[in-house]
Amino acid sequence: NVFKINVDFALGYSMGEVSMFAALDCWEDPGALSEKMLQSPTFTHNLTGELQTLRKHWGLAQAQPGVYEKLWETYTIKGTVDEVAAACEDEDRVYVTIINTPDSVVIGGYPQACERVIEKLGVRAMAMEISNAIHSAPTFKEYENMENLYTLNTKGRIDTKIYSSSCYLPVPHRSTSIANSIAKCFCEQVDFPRLINTVYEKGARVFMEMGPGRSLCSWIDKILKHEGVRPHVSIPVNAKGTPDEVTMFRALAKLVSHGVPVQLDVLYSGSVIESRT
């Protein structure tokens, strides 16, 4: 809105799909989600916190007050999805939750079981300290609750095509379609390379990462260079270790240099510009 940048496609990464719909003003009152989430046990007790739904799926006793047991950890791990999935075959409490790049995936599950998988593969892995049991089989027990949670009134249609890892297609701008898409996304494995390749095939060449950091930009570069160099540019707007204003100016410069129409007048608000001929 500020720089009048036309957005042809939008896509989110995991829970970033919720941010995507909110940021693009798809809902009449996205702030209503906060109250709904506080009242829903799905993301307070069932898939996080005490992980009651996970306990039920694994046949464990429900959590007892004051007793803490770490049941879920998330790891990024080097390896192809086929290699990692094969290493998980003997573990019924480990799930390949996200494919980041052709050679990097995310696994989640019972910490000791995940560590056995990592040891079997003999590769580098990093614990992410995220205990959200999503993108896995236990999550499906919360599907209906998530549909209800994310059912909000929508505003008028927008021109941007919103792609989701729930279907790798544009999501219709309807309340039920958006809610179904988010619920399905949270229940199923995320294939980020498939999502990026899909919008690339539709014509996307300039990718802007709106969240913090530049992890998605790095992954997009790896994905699009995996099968030969494919022309594109990936642009973060909040790169770690760089002041926000510097990153923003760099992002605008990249957009201009790649021929993307950008309205820059706002940068000169309050300035005195003298033109001499």
Side-chain angles (χ1 to χ4, degrees), residues 1-26 30 74-78 97-106 124 126-130 132 135 158-165 168 182 185 190-268:
N1 290 337
V2 174
F3 298 107
K4 309 301 181 186
I5 299 172
N6 179 56
V7 180
D8 298 304
F9 309 98
L11 52 147
Y13 173 85
S14 185
M15 299 189 81
E17 293 205 3
V18 178
S19 304
M20 170 180 68
F21 287 110
L24 290 172
D25 214 19
C26 294
T74 305
Y75 301 80
T76 57
I77 183 169
K78 282 291 184 182
T97 58
I98 302 177
I99 308 170
N100 287 333
T101 68
D103 65 351
S104 175
V105 304
V106 177
R124 182 165 57 90
M126 181 177 67
M128 301 174 67
E129 300 295 328
I130 298 175
N132 295 339
H135 305 307
I158 60 175
D159 293 331
T160 303
K161 291 182 174 60
I162 301 177
Y163 278 76
S164 168
S165 62
Y168 303 93
I182 293 174
C185 162
V190 172
D191 189 339
F192 193 61
R194 181 180 174 185
L195 197 57
I196 294 301
N197 286 322
T198 296
V199 295
Y200 190 89
E201 290 168 4
K202 297 298 181 181
R205 296 294 181 271
V206 179
F207 297 84
M208 292 190 70
E209 181 175 355
M210 302 308 298
R214 58 159 294 120
S215 294
L216 299 187
C217 284
S218 298
W219 295 340
I220 289 168
D221 290 340
K222 287 184 178 181
I223 290 165
L224 294 179
K225 292 176 182 178
H226 182 64
E227 297 178 359
V229 177
R230 285 178 281 178
H232 74 283
V233 61
S234 54
I235 305 171
V237 299
N238 186 235
K240 184 178 180 181
T242 305
D244 288 348
E245 62 273 17
V246 173
T247 310
M248 181 61 70
F249 287 137
R250 287 175 177 172
L252 292 171
K254 283 186 177 182
L255 290 171
V256 171
S257 69
H258 284 273
V260 177
V262 180
Q263 177 60 261
L264 298 175
D265 290 359
V266 67
L267 297 180
Y268 302 99

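Owing to the predicted nature of the structure, the values given are computational and were not obtained by experimental measurement.
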Sequence neighbours excluded, the answer for side-chain hydrogen bond (donor to acceptor under 3.5 Å, both in side chains) partners of T101 is D103
Note: S257 and K254 closest approach over all heavy atoms is OG-O, 2.9 Å
The side-chain contact (heavy atoms from CB on, under 4.5 Å) partners of V229 (sequence neighbours excluded) come to none
So salt bridge (Lys or Arg N to Asp or Glu O under 4.0 Å) across residues 238-248, not counting sequence neighbours, yields none
### Message
Could you check whether any side-chain heavy atom of I235 comes within less than 4.5 Å of a side-chain heavy atom of H258, counting everything from C-beta outward?
### Response
no
Closest non-hydrogen contact found for T160 with F9 is CG2-C, 3.7 Å
Rounded to the nearest 0.5 angstrom, the CE-SG distance for M20 and C185 is 8.0 Å
May I ask you to test the P193-D191 pair for a side-chain heavy-atom distance under 4.5 Å? yes
The reported gap from CG in L195 to OH in Y163 (rounded to nearest 0.5 angstrom) is 9.5 Å
Applying ring-ring contact (aromatic ring centres under 6.0 Å, His included) to Y13 and not counting sequence neighbours gives F192, W219
Taken in chain and number order and not counting sequence neighbours, the residues that satisfy side-chain contact (heavy atoms from CB on, under 4.5 Å) with A22 are W27, P30
Sorted by chain and number, sequence neighbours left out, side-chain hydrogen bond (donor to acceptor under 3.5 Å, both in side chains) with D221 holds for H232, S234
Taken in chain and number order and not counting sequence neighbours, the residues that satisfy side-chain contact (heavy atoms from CB on, under 4.5 Å) with M128 are T74, T76, V106, I130
Q | Student check: side-chain heavy atoms of L11 and T198 closer than 4.5 Å | A | no
Query - Derivation of the side-chain contact (heavy atoms from CB on, under 4.5 Å) call for I220 and E209 - result: CA-CA 10 Å; I220 289 168; E209 181 175 355; over 6 Å; no
Item to complete: Compare all side-chain heavy atoms of F3 with those of L255 and state whether any distance is below 4.5 angstrom.
Response: no
Here the pair of heavy atoms bringing R214 nearest to P236 is NH1-CG, 3.4 Å
Hits for side-chain contact (heavy atoms from CB on, under 4.5 Å) against V256, two or more places apart or cross-chain, chain-then-number order -> V262, L264
* Asked: Around atom NZ of K161, are there more than 12 heavy atoms of other residues, nucleotides or ligands at under 6.0 Å?
  -> no
Residue set satisfying side-chain hydrogen bond (donor to acceptor under 3.5 Å, both in side chains) with T247, at least two apart, ordered chain then number -> none
Atom CE of M210: over 12 foreign heavy atoms under 6.0 Å | no
Here the salt bridge (Lys or Arg N to Asp or Glu O under 4.0 Å) pairs for residues 225-234, sequence neighbours left out, are none
Taken to the nearest 0.5 Å, the spacing of N100 CG from I77 CD1 works out to 12.0 Å
Heavy-atom closest pair (C26 atom, I158 atom, distance to 0.1 Å) is SG-CD1, 4.0 Å
Applied to residues 2-25, the salt bridge (Lys or Arg N to Asp or Glu O under 4.0 Å) test, sequence neighbours excluded, yields D25-K155
R205 side chain vs Y200 backbone, donor-acceptor pair below 3.5 Å: yes
